[in-house]
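Below you'll find the structure, written out as structure tokens, and then a few comments.
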There are 4 protein chains.
Amino acid sequence: MSDTLSPEKRDQILQGASRVFAADGYEGASMARIAQEAGVSKGTLYNYFDGKAALFSTYVAEVCQRNLAHVFDRADHDGDPAAVLREIGRRMLTMVLSDAGLTMYRMVIAEAAKFPILARAFFEAGPARAIDFLSRWLEEETRRGRLAVDDPSFAAEQFFNLCQTHLVLRRKLEMLADPSEAEIERVVDAAVRVFLRSYGVKAFT
Amino acid sequence: MSDTLSPEKRDQILQGASRVFAADGYEGASMARIAQEAGVSKGTLYNYFDGKAALFSTYVAEVCQRNLAHVFDRADHDGDPAAVLREIGRRMLTMVLSDAGLTMYRMVIAEAAKFPILARAFFEAGPARAIDFLSRWLEEETRRGRLAVDDPSFAAEQFFNLCQTHLVLRRKLEMLADPSEAEIERVVDAAVRVFLRSYGVKAFT
Amino acid sequence: MSDTLSPEKRDQILQGASRVFAADGYEGASMARIAQEAGVSKGTLYNYFDGKAALFSTYVAEVCQRNLAHVFDRADHDGDPAAVLREIGRRMLTMVLSDAGLTMYRMVIAEAAKFPILARAFFEAGPARAIDFLSRWLEEETRRGRLAVDDPSFAAEQFFNLCQTHLVLRRKLEMLADPSEAEIERVVDAAVRVFLRSYGVKAFT
Amino acid sequence: MSDTLSPEKRDQILQGASRVFAADGYEGASMARIAQEAGVSKGTLYNYFDGKAALFSTYVAEVCQRNLAHVFDRADHDGDPAAVLREIGRRMLTMVLSDAGLTMYRMVIAEAAKFPILARAFFEAGPARAIDFLSRWLEEETRRGRLAVDDPSFAAEQFFNLCQTHLVLRRKLEMLADPSEAEIERVVDAAVRVFLRSYGVKAFT
DNA sequence: AATGAATGAGTTTTCATTCAT
DNA sequence: CATGAATGAAAACTCATTCAT
């Protein structure tokens, strides 16, 4: 059945869906508009996907894979721990505050009750990946005696939460435009300071 | 004109709207279903409210007033600062994780682009109130020499973010049922520890 | 039953209905708006009239009686026949072109299929009265040898139709604002000229 | 986009719309009833037309084109002027008194305030065409010395107004069924007589 | 007799989905 | 396999009418 479906057309449809879902949300998006945006007929949509819900699920999964992966990929254990933490916090915060990140978050939150599987997929592809990365880095730094973290996974989550202070909720509530680099750095610096007071080792702070 | 509309029926409608909005979100809710759930006719809905958007706005405002007010009202400067912080964190977290809090958050986030005024109203009625309360308490404690907080408002936000570690995002993504008291306390205790390492005064820690 | 209904309130309602029907037409008018405009409750409307249709019928009848009567009341057999005709044509045309006349015509025409009785009532109260008046005047003038009209009623209708040349249809189709006195007189003068070429007597032309 | 919509179905819809609009007027017609009458679904209506207003506009335009065009197309300058005028008057009056003409007139008048563009389109397609045709004929006859018309356009309008005596208003007000040929001829003959008394040339009368 | 809250059938319009071509 | 016309079940909202107070 799916032997004759071309992957190019599948991508083409997902590109269109991407634009429309991002602009209008799940409920607001119409299959007609997605078809138009993708340059295919409405019927073709149903040849490649089982319906609107399935198309949305695939879209969220793909965007998560594409955008959220490879952001936390290289572990640096040579430089100053504080500098590394600042870089990690800055990357995470920048993505969370970006239009793409914001839109995706909103949609997933809005439809979490309806699409719990999708919500989990989002978590695994994004936050879980970041936590896992930072967690492993903290563990290794602790092993090397440069940090003193007892529960690395929990501490990683604490750090990311600290980084979201002030800016993130306000941005989600449309009370803030995309913040400047300087604003982001100010918040991240404060987060790193608080974090290291608890988990730092004297010699390195 | 609307003076003579019975407040009981108004409440009855808001009760129904409450159930339907909570279950289906703003877009997903239908006026027909709200009418049915409230036990009134569709026409009556429009006698009491100007339309779906107005009904939603009123519902959000009322729930904010009802649920979020009077949670942070008494400032305690006698006991142990750590104990006070634990109590504050526990209250905030309990509310954020409750069904009502969760539902409200989801809807406001989902519709923030469409109803920015409402999003701000939510912020003022909820998070802003909490931040303001804690901020003042931190200031007073600092004045009394029991804490050392330079930027009380920012520190307050950091504390609330720390308290949301682990549980809140997972709950928003339907990956967690309503957590137990013990789980909440474990997270809050950790938050208080980290917070006081940065902002505490030796004699009191 | 109608013993206790006050004529003042009835008039009050008709005043309100008058404004709303004139502004919005029959279909466009809402009973709620009429009640508001009349300063009574919706219920009261139904105490005085059997429903929207009945209210509309009464309104049309009353307006016809009030506005169209007493326009052609005095018969002048002393002056120049041409001058008298000009005056009659001018009066008729002015009324037909007025906002009130136009509105009434539009409504009656629009609803003639639905309210044929009302259409007839309009005809009797307006056009028929005018035709009757002119017809009798033509008859008397013919008796006095100042005109030569064989079928006075038909000739009267011909005269009124001639007077409506150019202006009336365009006004009905919203292609013309309320015309000036000069424009009206130019058309009426032409009508009188054509009319007297057929029905005039040499000595008086 | 709309290239592939079948013209047959479009016609089918317009046929249905035609029946419903004619019976109920613009406001009175419902899209549901039009769909039913046309034998299509409500959705299909919106595939072919942008909405009720657009459907109505198209309907009026098509009927005007279909019914009013090609009625006054051949100019005859050989026969008796009186005979030619009688033929022109008869044709015009027959159309104005027909069910199609009557219905169209009623609707256009009723909605002229809401659709002034449509009212003008009706005027151009119908009355204007007739006036133009007769006007040119009168001019040519005058040039040939068979008539003496100074203002051909105005005289043409006078003639058409004279032809509408007695029958037209009564028919519009539902006080008359479709009149017989004999009645029409009686009125037209009288109109021609009056017209030629003013604009005729002795030798030809 | 007056009120106006309540009703519910009605309105236009949208849209996910199907299926003949 | 791709198409897009057709569908029909919703949606939000209106309004003439009724009836308890």
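Because only heavy atoms are used, hydrogens play no part in the values below, and waters and symmetry mates are left out as well, while side chains stay in.
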Gap between atom OG of A/Ser18 and atom CD of A/Glu62 - 0.5 Å precision: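 Result: 10.0 Å between the selected atoms.
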task: Any chance you could measure A/Leu55, atom CG, to A/Phe21, atom CZ, to the nearest 0.5 Å?
output: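 So the gap between those two atoms works out to 4.5 Å.
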For [X] and [N], give me the distance from atom [atom1] to atom [atom2], rounded to whole Å.
| X | N | atom1 | atom2 | answer |
| --- | --- | --- | --- | --- |
| C/Gln36 | F/dC15 | CD | C1' | 14 Å |
| B/Phe49 | E/dA6 | CZ | C1' | 15 Å |
| A/Arg33 | F/dG4 | CZ | C1' | 18 Å |
| B/Leu45 | F/dT14 | CG | P | 12 Å |
| B/Gln12 | E/dA5 | CD | P | 15 Å |
| B/Leu5 | E/dG4 | CG | P | 10 Å |

field: Nearest non-hydrogen partners of C/Glu174 and C/Leu102, listed with the distance
entry: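 Where C/Glu174 meets C/Leu102 most closely, the heavy atoms are OE2-CD2, 4.5 Å.
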message: To check you understand the geometry: which heavy-atom pair defines the closest contact between C/Met31 and C/Leu45, and what is its length?
response: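 Closest approach of C/Met31 to C/Leu45, heavy atoms only: O-CD2, 3.5 Å.
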message: Between C/Tyr48 and C/Lys9, do the side chains contain a donor N or O and an acceptor N or O under 3.5 Å apart?
response: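 No, C/Tyr48 and C/Lys9 have no side-chain donor paired with an acceptor closer than 3.5 Å.
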- line: Scoring nucleotides 13-21 of chain E by protein non-hydrogen atoms under 4.0 Å (B base, S sugar-phosphate only, - none) yields BB-SBB---
- prompt: Using 30° and 60° as the class limits, which term best fits the ring planes of C/Phe56 and C/Tyr26: parallel, tilted or perpendicular?
  reply: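 Correct class here is tilted.
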Identified pairing partner of E/dA1, criterion: Watson-Crick or G-U wobble below 3.5 Å: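 Base-paired to nothing in any strand shown.
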query: Which base, if any, makes a Watson-Crick or G-U wobble pair with E/dA20, both distances under 3.5 Å?
result: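 Base partner found: F/dT3.
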- prompt: When you check the phosphate oxygens OP1 and OP2 of E/dG4, does a side-chain N or O of C/Ser41 lie under 4.0 Å from one of them?
  reply: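 False: C/Ser41 side-chain N/O out of range (4.0 Å or more) of E/dG4 OP1/OP2.
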- prompt: What is the nucleic acid contact for C/Tyr48, judged by heavy atoms within less than 4.0 Å: base, sugar-phosphate only, or nothing?
  reply: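 C/Tyr48: backbone/sugar contact only, no base atoms under 4.0 Å.
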